[in-house]
Amino acid sequence: MTSTVRTQVAIVGAGPAGLILSHLLAQSGIESVILDRRSREEIESTIRAGILEQDTVDLLASIPGSRAHTVGSRHDGIELRFDGVGHRIDFAGLVSRSVWLYPQHEALKDLLAARLAAGQDIRFRATAHAVEDIDSERPRIVARDDAGAELDVEADFVVGADGSRSVVRSALSGSHAGYFREYPFGWFGILTEAPPSADELIYSNSPDGFALISQRSETVQRMYFQCDPHMDADSMNDQQIWETLDRRVPGVELKKGPIFQKGVVPFRSFVARDLQRGRIAIVGDAAHTVPPTGAKGMNLAVADVVVLARALEALLGRSDSGPIDSFADEARKRIWKAQHFSWWMTSMLHQIPDASEYDRLRQLGELRSVVDSEHGRAYLAEAYTGWPMDLGAAIGSAAPASSAADLLTRRAS
Ligand code: PHB
């Protein structure tokens, strides 16, 4: 028995991109159905990065029930460390913008609760296998529901927000069609029960390799260090991990505690060749991947969705196909800026295996030319806090005027 569901927009993936898209569409009176192969608990416990750009946090905070501004914390700068000395990049002073540290899984809990409270149709443990009728006006997702029964979702538009192994991307253009870059290293990440070692994030370039000191709360800290992407996280004990981190952040006394989670993240850069075809589009990790050094992953997904929501509102609300025809070109501008920034932060801060002494000294020259120049620091600050997303158009068109004003007041405060 196949059950068929009809909706305006079928979204594969209940991560930040899919959930925020459904919210923006609902604000424009457009109905959607979301499928995700994971359970709600699995989605809420996926550990990912925690830095939200200024516009990302403004958008999240405009969604009822968001704890981004209460549980999250504002960061007005970061520290770049090299040659044993720290250099502050003062975001607030340089570009009058900030970022917020708010773990992605907490943002997901807020988003799922808000969407379910609003009556959003979310099918958990429903696995999409294929997209059919892709060049028609009614594309269709072929899926299996949580009981293993066949489920077809017929829609006016299909969106793949289904991560790096996207089924929708395969339907669009073949799963590997795109531009790739591999890196000969990854990050070893830990969560430790300890107080913060610093007020702001520390990005440290040391002769021994890169390390990042990040945070989660007053009692839990997140730290990473550059490693072989193929290494087994269990091959290092706590003492070896702390010795590595201490060597990589010289001059900072790291507060240590029990390590209760560890894992290795490989680094890749990827941009899919095609982002849209007819009535199908892909967003977020389905469309692109960045190494985590610039914390752009989730922010880029949100930016895609802001552009796509506007295009779908025009297409489905006013039969205007102009914005969807230019969606890919519009999204690509920011995607490639973020690709560059993430690659640049990565290559400037990590030790590249087999680098010569020349390469190493040039890299220090590069870091110095950033921190010694107000323009260099301002470029980093502008990119890190995020290029403007034109949220007024995305939120303001459907939201009461007071909420747009509220966003402006919040930004100014
Ligand atoms: C994190 O806290 O997980 C984090 C922060 C900054 C990054 C990457 C990850 O650049």
Side-chain angles (χ1 to χ4, degrees), residues 47-54 56-57 68-69 71-95 97-107 186-192 194-206 209-226 241-242 244-257 261 265 267 290-300 338 341-342 344-350 367 370-371 376-386:
I47 295 179
R48 301 290 285 271
I51 290 287
L52 306 180
E53 292 176 1
Q54 170 106 38
T56 302
V57 82
H69 279 142
V71 174
S73 56
R74 198 181 78 203
H75 283 232
D76 291 336
I78 56 168
E79 181 176 291
L80 287 189
R81 260 190 113 70
F82 56 96
D83 259 356
V85 179
H87 305 262
R88 181 160 192 260
I89 309 292
D90 173 8
F91 298 156
L94 288 159
V95 294
R97 286 168 80 80
S98 304
V99 294
W100 284 68
L101 187 77
Y102 187 50
Q104 183 167 321
H105 65 274
E106 297 295 343
W187 277 1
F188 192 114
I190 63 158
L191 282 170
T192 179
S197 295
D199 291 339
E200 294 178 340
L201 271 60
I202 303 174
Y203 288 80
S204 179
N205 171 312
S206 83
F210 171 75
L212 169 62
I213 307 306
S214 182
Q215 303 151 2
R216 283 295 175 265
S217 66
E218 283 308 306
T219 53
V220 173
Q221 310 310 318
R222 183 87 167 132
M223 301 183 191
Y224 301 92
F225 59 86
Q226 176 182 349
I241 292 172
W242 287 119
T244 306
L245 281 164
D246 275 336
R247 260 199 319 276
R248 301 228 181 151
V249 198
V252 176
E253 198 190 320
L254 297 179
K255 306 251 171 55
K256 304 181 175 73
Q261 202 266 344
V265 202
F267 271 32
V290 284
T293 322
K296 282 281 163 266
M298 173 173 167
N299 295 295
L300 201 49
F341 179 67
S342 307
W344 177 63
M345 288 284 280
T346 300
S347 59
M348 181 167 66
L349 288 163
H350 291 72
L367 279 159
V370 173
V371 302
R377 294 195 304 275
Y379 166 69
L380 198 157
E382 183 181 47
Y384 196 99
T385 57

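The structure presented is a predicted model; accordingly, all values stated were derived computationally and were not measured.
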Return the set of residues passing side-chain hydrogen bond (donor to acceptor under 3.5 Å, both in side chains) with [X] (not counting sequence neighbours), or none when no residue passes.
{"X": "Trp100", "result": "none"}
{"X": "Ser214", "result": "none"}
{"X": "Thr293", "result": "Thr346"}

From [atom1] ([X]) to [atom2] ([Y]), nearest 0.5 Å:
{"X": "Thr385", "Y": "Phe91", "atom1": "OG1", "atom2": "CZ", "result": "6.5 Å"}
{"X": "Phe267", "Y": "His350", "atom1": "CZ", "atom2": "NE2", "result": "4.0 Å"}
{"X": "Ser197", "Y": "Gln215", "atom1": "OG", "atom2": "CD", "result": "8.5 Å"}
{"X": "Leu52", "Y": "Leu101", "atom1": "CG", "atom2": "CG", "result": "8.0 Å"}
{"X": "Gln54", "Y": "Arg97", "atom1": "CD", "atom2": "CZ", "result": "5.0 Å"}
{"X": "Arg377", "Y": "Ile78", "atom1": "CZ", "atom2": "CD1", "result": "12.0 Å"}

Within-4.5 Å side-chain heavy-atom neighbours: [X] and [Y]:
{"X": "Pro196", "Y": "Gln221", "result": "yes"}
{"X": "Trp187", "Y": "Leu212", "result": "yes"}
{"X": "Met348", "Y": "Phe210", "result": "no"}
{"X": "Leu245", "Y": "Phe188", "result": "no"}
{"X": "Asp83", "Y": "Leu367", "result": "no"}
{"X": "Val57", "Y": "Val99", "result": "no"}
{"X": "Glu79", "Y": "Arg88", "result": "no"}
{"X": "Pro103", "Y": "Arg222", "result": "no"}

- [ ] Begin from the C-alpha positions of Val252 and Ile213 and carry the test side chain to side chain contact (heavy atoms under 4.5 Å, CB included) through to its verdict.
- [x] CA-CA 10 Å; Val252 176; Ile213 307 306; 5.9 Å; no
Open item on the list: Does the plane of the ring in Tyr379 sit parallel, tilted or perpendicular to the ring in Phe341? Use 30° and 60° as the thresholds.
Closed with: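 Geometry flag for Phe341 against Tyr379: perpendicular rings.
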Task: Test side chain to side chain contact (heavy atoms under 4.5 Å, CB included) applied to Tyr203 and Ile89, step by step - done: CA-CA 11 Å; Tyr203 288 80; Ile89 309 292; over 6 Å; no
Open item on the list: Apply side chain to side chain contact (heavy atoms under 4.5 Å, CB included) to residues Leu380 and Met345 and explain how you reach the verdict.
Closed with: CA-CA 9 Å; Leu380 198 157; Met345 288 284 280; 4.0 Å; yes
TODO: Step through the shown structure and confirm whether more than 12 heavy atoms of other residues, nucleotides or ligands are within 6.0 Å of CZ on Arg216.
DONE: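 Buried by this count: over 12 neighbours within 6.0 Å.
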Open item on the list: Can you tell me if Asp246 has over 12 outside heavy atoms packed within less than 6.0 Å of its CG?
Closed with: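 More than 12 within 6.0 Å, yes.
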Closest contact, heavy atoms only, [X] versus [Y]:
{"X": "Ser204", "Y": "Pro250", "value": "OG-CD, 4.4 Å"}
{"X": "Ile241", "Y": "Ile190", "value": "CG2-CG2, 4.0 Å"}
{"X": "Val290", "Y": "Gly297", "value": "CG2-N, 3.8 Å"}

N/O donor-acceptor pair under 3.5 Å between [X] side chain and [Y] backbone:
{"X": "Arg248", "Y": "Gln226", "value": "yes"}
{"X": "Asp76", "Y": "Gly93", "value": "no"}
{"X": "Arg81", "Y": "Gly84", "value": "yes"}
{"X": "Thr192", "Y": "Gly257", "value": "yes"}

TODO: Would you confirm whether the ring centroid of Tyr102 sits within less than 6.0 angstrom of the ring centroid of His69?
DONE: no
Task: salt bridge (Lys or Arg N to Asp or Glu O under 4.0 Å) between Glu53 and Lys296, intermediate numbers included - done: CA-CA 8 Å; Glu53 292 176 1; Lys296 282 281 163 266; 2.9 Å; yes
